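Read the structure below first, then the notes.
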2 protein chains.
Amino acid sequence: MSNKPTTIKEIAAILNVSVSTVSRALHNHPSIGITTQQKVQKLAKELNYEPNQSAIFFQKGKTSTIGLILPELSEAFFSSAVSAIEDLAYQKNYTVLIAQSHDDEQREKQLIEMMKNHRVDGLIVSVAKTTSNFDHFEVLERYGIPIVFFDRIPPIKNIHSVACNMETGTIAAVTYLLQIGHRCIGMINGPATLAASEERKKGYFEAITKNRLKFDGSLVVSCDLTEKGTQEALDKLLSNKRRPTAIVTFNDYNALYAIKHARKLNINLDKDLKFVSYANLPLINYMDYVPIASVEQFPALQGQKAAEILFELLKNKTTSSDIFYHKVTIESELIVNQLNRQE
Amino acid sequence: MSNKPTTIKEIAAILNVSVSTVSRALHNHPSIGITTQQKVQKLAKELNYEPNQSAIFFQKGKTSTIGLILPELSEAFFSSAVSAIEDLAYQKNYTVLIAQSHDDEQREKQLIEMMKNHRVDGLIVSVAKTTSNFDHFEVLERYGIPIVFFDRIPPIKNIHSVACNMETGTIAAVTYLLQIGHRCIGMINGPATLAASEERKKGYFEAITKNRLKFDGSLVVSCDLTEKGTQEALDKLLSNKRRPTAIVTFNDYNALYAIKHARKLNINLDKDLKFVSYANLPLINYMDYVPIASVEQFPALQGQKAAEILFELLKNKTTSSDIFYHKVTIESELIVNQLNRQE
DNA sequence: TTTCTCTGCACAAACGTTTGCGCTATCTTT
DNA sequence: AAAGATAGCGCAAACGTTTGTGCAGAGAAA
């Protein structure tokens, strides 16, 4: 068994032509006669010829491979992005080398090293939560390997990035709650260190003031996004002078923790307290009590945009790409949950 | 910018030695003098030399890459498996080319083709639900590319596989329910076409008869695993002459559909009806009412075993590996849910 | 006929690395 | 001193493909 794959050489030998002729014939090069071209292609098909990608990669000095580093594949947000990136890469005859950092900075560094050795043509990255030093990314740029960041963008200059505008999404969320009658709206926000937290808060403020209500700082509480932190944040909000009738949470997990805790406190989630969240996880479909709306961040679209930018960069590699840095912002969108219980 | 990476040639030129000497020195080959070796390694570090993997792959005729084809990355089961496989591959200096079939047979075929062109050294596959023709896999074997299947195993001869024993897990599940006092236990099983359904049914039968109870066929109903099908199956069980006090479902999603439906029917899930499920999804942690126990199928372990087998096959590639086919069965295990509400 | 222009192909280098083989000193043995 | 062994390194081929250049023959223009 184990038939060695057919090579261009063998085809050339059989047809008594040179390897270059075969190569060009297979690529429909104009300088090859039509009859020769057909002869070659016919035999190639018969012998089941498949070009040896390894040889091509080596020869061309590029791998037609893009690297993709993200925190966790099991998070629905990222796996959606992966699918989108994969699809686009597939169309362009690229392959995707996927790796998970597990939100570990060291691992991320090693993966970058690995990607470099593998001579990936470019990289799409969503950085680990814990990453504080970003030198390893800059090294890659010096090697001429372009990087596009998405969703989690490092705070450094001169990078290509794709991210979601959290502010407008938050405005939509709060406005929606105001429209359906809520007047006292709480927010369980993320830690202040995250840029995304700041955007959410800004959006909250905007929506409140634009509707001629006055902003109450005690209704926005930070939390570390753990289950315990969320419980404490909820407790704080519930014991506030003005008790909120609706709460905007930082993300879906966050919302679920809060909902769980609220139910334990015997709060009627159909009447007394509503939640709005971010991300729109599929697991929402399996829950009994779910947020009444979610701010969708379009992970697939983010991934697609990131990939488009990367391919653009790869195409124009000759020109000094240092001149222009892409920075795409995607508008988030409020999705009102259809499964919303109307009892 | 865009410094071209250092090559072995340049190092050789600078030190006035041959490329072969540099190559061997970098690999600590015994036939190279200690001083030369150190000189080379020192300079290599200074020049930031990194071996060109493309060239090595090409030269060695192997890519040190394994392909991984699975239905859906977003399913927690598979993403766990991916992580385990990645880790092992990383240790062995292999990289993993991941691709999703999205449970589509055509896509799966294309991916196989792509993997072949990329000259992956081996493949780990969990086949798409819809795949009915398995020729594309057999082609690979003829190319000398070994395949290891896991979890979803195609019904063909002479393959390497890793899978979970559903029968013992089911026995454990039913036995547990018997132990905590249930006497009438229902089962929402999968379609009869799936081997896994058969195993579950067998396990159910075993557990019942071993405990000197008589098997009641009306307590085991098939379902197509959709939400609607699950609802119908539950309805059927609830209107059975002997109404079950506990139900074993085919998988977690299945269980969630059933739980949702049961709650809509105002059934007291703390008292009147208990569920046991399979898979132990992490989303369980976010649910209000969850199965009281789950049969764990150890996706990470399955992935790891599959990878181990593959690396074993790759190591012994010279010997005609046709002789022996690996078939690993992993025992599933009943996990009693700690979050189980004890009210 | 001569010169010029294509057309259609062959030649060979190049990409970076590994590895079998051969060669030359030096050292050991007799 | 002659012969053999060994250590340390260089030479060159090989992996499969692409691509710049060269070159022959055919046809067209003079």
Side-chain angles (χ1 to χ4, degrees), chain A residues 2-41 43-44 47-65 93 116-119 121 143-144, chain B residues 2-41 43-44 47-65 93 116-119 121 143-144 317-318:
Chain A
S2 190
N3 281 333
K4 285 279 153 268
T6 313
T7 72
I8 240 177
K9 246 184 202 168
E10 295 166 15
I11 298 180
I14 296 177
L15 294 179
N16 263 319
V17 295
S18 72
V19 283
S20 53
T21 300
V22 176
S23 174
R24 284 190 246 256
L26 291 172
H27 291 84
N28 298 319
H29 194 280
S31 83
I32 301 297
I34 183 70
T35 55
T36 319
Q37 209 170 107
Q38 289 173 344
K39 261 197 315 189
V40 169
Q41 295 188 357
L43 184 61
L47 295 182
N48 251 310
Y49 169 75
E50 299 285 356
N52 182 331
Q53 297 288 359
S54 285
I56 296 175
F57 293 164
F58 168 59
Q59 208 284 138
K60 295 206 164 177
K62 51 169 272 182
T63 52
S64 289
T65 300
N93 247 306
K116 194 177 68 189
N117 290 358
H118 266 261
R119 301 285 196 272
D121 295 338
Y143 272 84
Chain B
S2 191
N3 282 332
K4 285 277 154 271
T6 313
T7 71
I8 241 177
K9 248 186 200 169
E10 295 166 14
I11 297 180
I14 295 177
L15 293 179
N16 264 317
V17 295
S18 73
V19 283
S20 52
T21 300
V22 175
S23 175
R24 284 190 248 254
L26 290 172
H27 290 84
N28 300 319
H29 194 278
S31 82
I32 301 299
I34 182 74
T35 56
T36 318
Q37 209 171 102
Q38 289 173 344
K39 262 198 314 190
V40 169
Q41 296 190 355
L43 185 61
L47 296 182
N48 250 310
Y49 169 75
E50 299 284 355
N52 182 331
Q53 297 287 359
S54 285
I56 296 176
F57 293 165
F58 167 57
Q59 207 285 135
K60 295 205 163 179
K62 52 170 273 186
T63 53
S64 289
T65 300
N93 246 306
K116 194 178 69 189
N117 290 358
H118 266 261
R119 301 287 197 272
D121 295 338
Y143 273 83
K317 204 164 183 181
T318 43

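Keep in mind that the numbers below use all heavy atoms, side chains included, and drop hydrogens, waters and symmetry copies. This structure is a prediction, so every number in the text was calculated from the model and none was measured. Here is how names work: the chains are called A, B, and so on, in the same order as the sequence lines, proteins then strands, and each is numbered from 1.
The separation between B/I34 atom CD1 and D/dT6 atom C1' is 18 Å, rounded to whole Å. Straight-line distance from the CD1 atom of B/I8 to the P atom of D/dG10: 13 Å, rounded to whole Å.
B/S54 comes within contact range of no nucleotide atom at all, as no heavy-atom separation falls under 4.0 Å.
Closest heavy-atom contact between B/Y49 and B/L26: CE2-CD1, 3.6 Å. Taking each heavy atom of A/P51 and A/I56 in turn, the nearest pair found is CB-CD1, 3.7 Å. A pairwise comparison of heavy atoms in A/R119 and B/P5 identifies NH2-CB, 3.7 Å as the closest pair.
When the side chain to side chain contact (heavy atoms under 4.5 Å, CB included) test is applied to A/K9, the partners found at least two apart in sequence or on another chain are A/T7, A/V19. Considering only residues two or more places apart in sequence or on other chains, A/K62 meets the side chain to side chain donor-acceptor pair (under 3.5 Å) condition with A/Y94. In this view, A/L47 and A/T6, A/I11, A/I14, A/L43 satisfy the side chain to side chain contact (heavy atoms under 4.5 Å, CB included) rule, not counting sequence neighbours. Listed by chain and number, the residues in a side chain to side chain donor-acceptor pair (under 3.5 Å) with B/K39 amount to none (sequence neighbours excluded). Applying the side chain to side chain donor-acceptor pair (under 3.5 Å) rule to B/S54 yields no partners; only residues at least two apart in sequence or on another chain are considered.
Judged as a side-chain hydrogen bond (donor to acceptor under 3.5 Å, both in side chains), the pairs with a partner in residues 21-32 of chain B (not counting sequence neighbours) are, in order, B/S18-B/T21, B/N28-B/Q41, B/H29-B/S31.
A heavy-atom distance below 4.0 Å to DNA chain D is reached by these residues of residues 57-64 of chain B, ordered by number: B/F58, B/Q59. A heavy atom lying under 4.0 Å from DNA chain D marks the following residues of residues 24-33 of chain A, by number: A/R24, A/H27. Of the residues in residues 9-22 of chain A, those with a non-hydrogen atom less than 4.0 angstrom from any atom of DNA chain D are A/K9, A/S20.
A 4.0 Å heavy-atom criterion places the boundary nucleotides of DNA chain C facing chain A at C/dG8 to C/dG16, written 5' to 3'.
Annotation: the span from B/T65 atom OG1 to A/Q53 atom CD amounts to 12.0 Å, rounded to 0.5 Å.
For the helix from C/dT1-D/dA30 to C/dT30-D/dA1, the rotation axes defined at the first and last 5 base pairs enclose an angle of 60°, given to the nearest 10°.
Toward the 5' end of DNA chain D, the nearer of the two residues B/A55 and B/T35, judged by each one's closest nucleotide, is B/T35.
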